[in-house]
Every structure is written in structure tokens, then in C-alpha cells.
Amino acid sequence: EAGVAQSPRYKIIEKRQSVAFWCNPISGHATLYWYQQILGQGPKLLIQFQNNGVVDDSQLPKDRFSAERLKGVDSTLKIQPAKLEDSAVYLCASSLLRGADTQYFGPGTRLTVL
Amino acid sequence: KNEVEQSPQNLTAQEGEFITINCSYSVGISALHWLQQHPGGGIVSLFMLSSGKKKHGRLIATINIQEKHSSLHITASHPRDSAVYICAGGNQFYFGTGTSLTVIP
């Protein structure tokens, strides 16, 4: 079974630039999560999708971050414009069901904002 | 105060030792997850539990819902167990800050 795929693996940009991350969850998984993990901290949930609908985006900085999962499969997370404090690893995870279900994590995208 | 707290933050053990990592939470959790993260690597889900105890190989996870506490035990620890162990749960999937484990041969 293929795991959660993410791209790119690494990205370096300058502040005020835009960046987009892509995630392809495990086939058939209805729930998709985006997390931000700043160095030395635990991951923080940014947004959770159930199929193509948003379940929770309360911790997403909506003035600069956006995410979509138009067809209920792949998802993109965008930052526009980026700030220095956005430097982090962005993790995507998926689960078959919503709520109390095992999450499978992708390898993450390491973003460095200069 | 974090919604999910772990202890200890760092742990060094000799190979073969029995290891315990603790997790306490203040939010309502229907299921608590234990995750493993290797340096530079991705996150792997170890356990998801709602009550009682689960065992997988040398790993054992327990949870006490009333006390809002969970523990992860590693028996006969091995250097390959060296990683960061994270507990997480809640509607917004709050993560603990992790326990960095180093097992010395």
C-alpha cells in the first residue's frame, strides 16, 4: 500500500514570497490533515478535511495560509506571503475515518524562509 | 499550560533497560495516539487507544481515561528505539512536545 506522498521535500524562499505544498493521501482515506511542526516543538494542526469539506481550520492563519482539497483526494497548502516564522516542517497525514482513527503521516516538506 | 504534556522531555537509557514515557492531558480525548519520530524522518503511528492497554512487540501503551493519563513502555530497549516519542489527541489533535529517547549500546 502506497503511503502519504508530499512534495516538495524541501523548499527555500525569501520572506514575502509565496509557496505551495502538495499532498496525496492514502487511497480511500477520507480525512486529511495538515500540520506545522516548528523545530523543537510538537506538530500543530492547521486544517482538517473530511473528503473535500473543511472540518476544522481554527488554527490556520487565514490571512496568509490557505488550503484546498477540491476533489476530496489531493490537497494543497499555500502560504502567501511567507514570513520568517513560517519556517517549519509541514506534515500531511490521512486517516480512513474521521476522529479516533490511526493517522498515517507523509515525510513532510521542510520550508526555510530567509 | 499545554493541553497535552509529556515527561520526561529527554531520556537516556542503557540498552536493555525498561523505559516509561508519561503523557497527561487536560482536554477531552476519545482516543490517544502515540507516535514515533526519528531524526530527519517522518512520523509513524505506534498506538491509538481509548481504554486499557495495547501491546505491539516490545512496546506497551496504557491509558487511564478517568485520570487523563497514558504511558508508553518499552521493554528490553535497543539503540534502534532512539527517537522522539509523541502523544497526541483531542478534537484539534493536540500534540505533546515529545520525549527524546536515546538508548546507548
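Numbers restart at 1 for each chain; the letters A, B, ... are given by sequence-line order, proteins then strands.
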Out of curiosity, does A/Leu70 fall in the hydrophobic cluster containing A/Phe49 (side-chain heavy atoms, cut-off under 4.5 Å, transitive links)? no
Can you confirm whether A/Gln80 is buried at CD, in the sense that more than 12 heavy atoms of other residues, nucleotides or ligands lie under 6.0 Å from that atom? no
Is any residue of residues 95-105 of chain B within less than 4.5 Å of chain A by heavy atoms, and which ones? B/Phe95, B/Gly96, B/Thr97
For B/Gln6, which atoms come within 4.5 Å of any heavy atom of chain A: side chain, backbone, both, or neither? neither
May I ask you to name which of A/Val4, A/Asp56, A/Val89, A/Leu91 has the most heavy-atom pairs under 4.5 Å with chain B? A/Asp56
Tell me which of these, A/Ala93, A/Gly106, A/Gly42, A/Gly108, has more heavy-atom pairs under 4.5 Å with chain B than the rest. A/Gly42
Should A/Val54 and A/Trp22 be regarded as members of a common hydrophobic cluster, given that ILVMFWY residues are connected when their side-chain heavy atoms come within less than 4.5 Å of each other, either directly or indirectly? no
Report whether B/Leu11 and B/Ile74 are members of the same hydrophobic cluster (ILVMFWY, side-chain heavy atoms less than 4.5 Å apart, transitive linking). yes
Considering residues, nucleotides and ligands other than B/Glu17, do more than 12 of their heavy atoms fall under 6.0 Å from its CD? yes
Linked, directly or transitively: A/Leu60 and A/Leu111 (ILVMFWY side chains, under 4.5 Å): yes
Indicate if A/Tyr35 and A/Phe65 have the same hydrophobic cluster label, given that clusters are the connected sets of ILVMFWY residues with side-chain heavy-atom separations under 4.5 angstrom. no
Between B/Phe93 and A/Gln103, is there a side-chain heavy-atom distance shorter than 4.5 Å? yes
Give, as side chain, backbone, both or neither, the part of B/Ile86 having an atom under 4.5 angstrom from any heavy atom of chain A. side chain
NZ of A/Lys62: more than 12 outside heavy atoms within 6.0 angstrom? yes
Counting only heavy atoms closer than 4.5 Å, note whether B/Leu35 contacts chain A via side chain, backbone, both or neither. side chain
Around atom CD of B/Glu67, are there more than 12 heavy atoms of other residues, nucleotides or ligands at under 6.0 Å? no
